[in-house]
**Q** 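I'd like to ask you about the structure that follows.
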2 protein chains.
Amino acid sequence: MSAVALELPRRERNKQEKRAALLAAARSLFARKGFAATTTAEIAARAGVGAGTLFLYFASKDDLLVAIFRADMDAVVARAFATLPKRASLLTELLHVYGAMIAFHERDPELARAFVKEMLFVSPANLASVFEFIDGVGARIAARIALRQARGELDPAVSAERVADNCFALYIARLQKWLGLGERLASEELLARLRESFELQLRVLEPAEARATKRARPRTRRA
Amino acid sequence: MSAVALELPRRERNKQEKRAALLAAARSLFARKGFAATTTAEIAARAGVGAGTLFLYFASKDDLLVAIFRADMDAVVARAFATLPKRASLLTELLHVYGAMIAFHERDPELARAFVKEMLFVSPANLASVFEFIDGVGARIAARIALRQARGELDPAVSAERVADNCFALYIARLQKWLGLGERLASEELLARLRESFELQLRVLEPAEARATKRARPRTRRA
DNA sequence: GGCAGAAACTGACTGCGCTCAGTTTTGTGA
DNA sequence: TCACAAAACTGAGCGCAGTCAGTTTCTGCC
């Protein structure tokens, strides 16, 4: 009958603790031994539960991975938006945010590969959480675009949401290709490719006058 | 010492035949029972080889699937380009081609899901073949763009290859999201989303003058 | 033809993700 | 306090993808 007991029903508390224990166990084992080399039985044992219990909390081993990654990505993105460079171009801001995500993926390519592969093919609950994340990033990018549109720096006739959405799609596609390639390429390569893709997409936001001017010098190469 | 024997060394011939038999067996079993419900042992048995032999020809069950799909997609794309509508806009042409691919995926969503998920995470040989396909589509789309640039219909200062590349990335990302969603949505939905994405990307190709004109009426809604 | 070495093939076996029939724990109402 | 239902948990067991030590088939050479 302590004060603590009032906060939550005992059952619910236990469940949350077990879920957290499983996530923690999985996180540490994945980091130490890698995703493929870690068995679900090990994770369950380390979390102090039976082998079958893991699957009451996560639909599959992949599901568990996505849950972990999803949580980490939130922190990465929050930090990236909090440290946006001042007075930078939209392109720079985009690369700052997506660059942070890429850097995170680069820390453990094996996990990243598995995550990116499974991301969209998990249990409904997890899938909803992934979409929430994607939409969250999209909305924040859209806000950065809208800001500039309001200032008259970018064409306000173009839908900020749709441009943001396209950019995320471009990011995902490039990231997958990069991770699929047995990551022989440096992340700088990926960032360079992404910059090109974004540049091409963002050009649609340039006010018509600016664009007409640009046309005079057909190609802008060498920085 | 017959004439036939001269064509290829016996061994090589046998290998090709076994590979073909495995592909045919897998194709028919996947179609009848579904991908998940078909075991590699069944496929091997139907092809008349031992269970282990399958893995001398394909690195994994997924690899086998990708090999099958890849071959079919070639035919689908070839057909799509051969039946391009006359005097249509670039956007219409793009939707014709990608629409054909989507229609193909819609025929067997379970297989399509597995394919799209594994596509970039297969054995090196298969991966190369997948990239060949992607590049092939990209090049053909780029050619359609270049044609219009040469005619003066589109801005020649924009790289046709890069626009085509971005379009493929947009396609892949949208397709994955659609297939991941337990395909409750009709393919028309996907096509509509894709049209929006392409529209936004292709706008970069509009000659500057045309674009300045368009700006007069800020939004083009209702068809 | 016959032999040696290589290449191709085989299927019993392994390890692991996931299931499910049975057991324990928790919450509730008398 | 006890009975009893429901929820949570368990781990032995199952099915299957993928492996590998041993076997067969092929090829080039004398």
Side-chain angles (χ1 to χ4, degrees), chain A residues 1-2 4-22 25-26 29-30 33-68 110 114 117-118 121-123 126, chain B residues 1-2 4-22 25-26 29-30 33-68 110 114 117-118 121-126:
Chain A
M1 312 298 174
S2 72
V4 181
L6 292 172
E7 293 175 22
L8 266 182
R10 170 108 132 281
R11 257 203 189 153
E12 200 53 33
R13 255 185 77 98
N14 273 346
K15 277 178 69 171
Q16 303 249 334
E17 276 164 15
K18 279 202 175 129
R19 204 186 124 89
L22 282 164
L29 284 168
F30 288 164
K33 318 180 40 176
F35 179 69
T38 302
T39 69
T40 56
E42 280 177 293
I43 298 169
R46 187 166 228 268
V49 302
T53 305
L54 189 153
F55 296 96
L56 295 174
Y57 290 85
F58 303 95
S60 69
K61 192 185 171 186
D62 297 318
D63 220 59
L64 177 53
L65 174 67
V66 172
I68 290 176
E110 194 214 352
K117 193 174 147 192
E118 301 297 335
F121 301 92
V122 286
S123 65
N126 239 331
Chain B
M1 310 299 177
S2 74
V4 181
L6 293 173
E7 293 174 22
L8 265 183
R10 170 109 131 281
R11 262 209 184 144
E12 200 53 34
R13 254 185 79 99
N14 274 345
K15 277 178 70 171
Q16 303 248 336
E17 276 164 15
K18 280 203 174 126
R19 204 187 125 89
L22 282 164
L29 284 168
F30 287 164
K33 317 180 41 177
F35 179 70
T38 302
T39 70
T40 55
E42 280 178 292
I43 298 170
R46 187 167 228 269
V49 302
T53 305
L54 190 152
F55 296 96
L56 295 176
Y57 290 85
F58 303 95
S60 69
K61 192 184 172 186
D62 298 318
D63 220 59
L64 177 54
L65 173 66
V66 172
I68 291 176
E110 194 213 354
K117 192 174 147 191
E118 301 296 335
F121 301 91
V122 286
S123 65
N126 239 329

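Just so it is clear: chains get the letters A, B, ... in the order the sequence lines come, proteins before strands, and each one is counted from 1.
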**Q** Rounded to whole angstroms, how far apart are CG on A:Leu22 and P on C:dG17?
**A**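 It is 14 Å, rounded to the nearest whole Å.
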**Q** Where do B:Ala44 and B:Gly50 come nearest, in terms of heavy atoms and distance?
**A**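 Heavy atoms of B:Ala44 and B:Gly50 come nearest at CB-O, 3.5 Å.
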**Q** Under 6.0 Å from the six-membered ring centre of B:Phe30 and within 45° of its axis: does the NZ or CZ of B:Lys61 meet both?
**A** no
**Q** Shortest non-hydrogen contact from B:Thr40 to B:Leu54?
**A** O-CD1, 3.6 Å
**Q** Report the residue (A:Ala37 or B:Thr53) whose heavy-atom-nearest nucleotide on DNA chain C is the more 5′ of the two.
**A** B:Thr53
**Q** Rounded off to whole Å, could you give me the CG-to-C1' distance for the A:Leu54 and C:dC20 pair?
**A**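 Interatomic distance, CG of A:Leu54 to C1' of C:dC20: 16 Å.
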**Q** Provide the closest heavy-atom pair for A:Glu42 versus A:Lys33 in the form atom of the first, atom of the second, distance.
**A**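 So the two residues come closest at OE2-NZ, 2.5 Å.
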**Q** Both B:Asn14 and B:Lys61 contact DNA chain D. Taking the nearest nucleotide for each, which residue is further toward the 5' end?
**A**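 Its nearest nucleotide lies further toward 5', so the answer is B:Lys61.
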**Q** Between A:Thr39 and C:dC16, is there a side-chain N or O to OP1/OP2 distance below 4.0 Å?
**A**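 So the side-chain polar atoms of A:Thr39 never come under 4.0 Å of the phosphate oxygens OP1 or OP2 of C:dC16.
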**Q** Does D:dA17 have OP1 or OP2 sitting under 4.0 Å from an N or O in the side chain of B:Ser60?
**A**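 For B:Ser60, the contact criterion (side-chain N or O under 4.0 Å from OP1 or OP2 of D:dA17) is not met.
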**Q** Can you tell me how far P of D:dC16 sits from CG of B:Leu64, to the nearest Å?
**A**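 Going from CG in B:Leu64 over to P in D:dC16 covers 16 Å.
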**Q** Considering only side-chain heavy atoms of A:Phe55, which listed nucleotide, C:dG17, D:dA17, C:dA8, is closest?
**A**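 Given the options C:dG17, D:dA17, C:dA8, the side chain of A:Phe55 is closest to C:dG17.
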**Q** Both B:Leu56 and B:Thr40 contact DNA chain D. Taking the nearest nucleotide for each, which residue is further toward the 5' end?
**A**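 Of the two residues, B:Thr40 wins.
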**Q** For a side chain to side chain contact (heavy atoms under 4.5 Å, CB included) with B:Asn126, tell me which candidate from B:Leu64, B:Asp63, B:Asp62 qualifies.
**A** B:Asp63
**Q** Measure from CD1 on A:Ile43 to P on C:dC16 and round the result to the nearest Å.
**A**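 It is 12 Å, rounded to the nearest whole Å.
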**Q** Starting at CZ of B:Phe30 and ending at C1' of D:dA17, how long is that distance when rounded to a whole Å?
**A** 12 Å
**Q** Could you check how far NZ of A:Lys15 sits from C1' of D:dT10, rounded to whole Å?
**A** 16 Å
**Q** Does B:Lys18 place a side-chain N or O at less than 4.0 Å from the phosphate oxygens OP1/OP2 of C:dC9?
**A** yes
**Q** Measure from CD on A:Glu42 to C1' on C:dC18 and round the result to the nearest Å.
**A**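 In whole Å, C:dC18 C1' and A:Glu42 CD are 16 Å from each other.
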**Q** Starting at atom CZ of A:Arg19, determine the distance to atom C1' of D:dA7, rounded to an integer number of angstrom.
**A**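 Checked: the CZ to C1' distance equals 18 Å.
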**Q** Are A:Tyr57 and D:dC9 close enough that a side-chain N or O sits under 4.0 Å from OP1 or OP2?
**A** yes
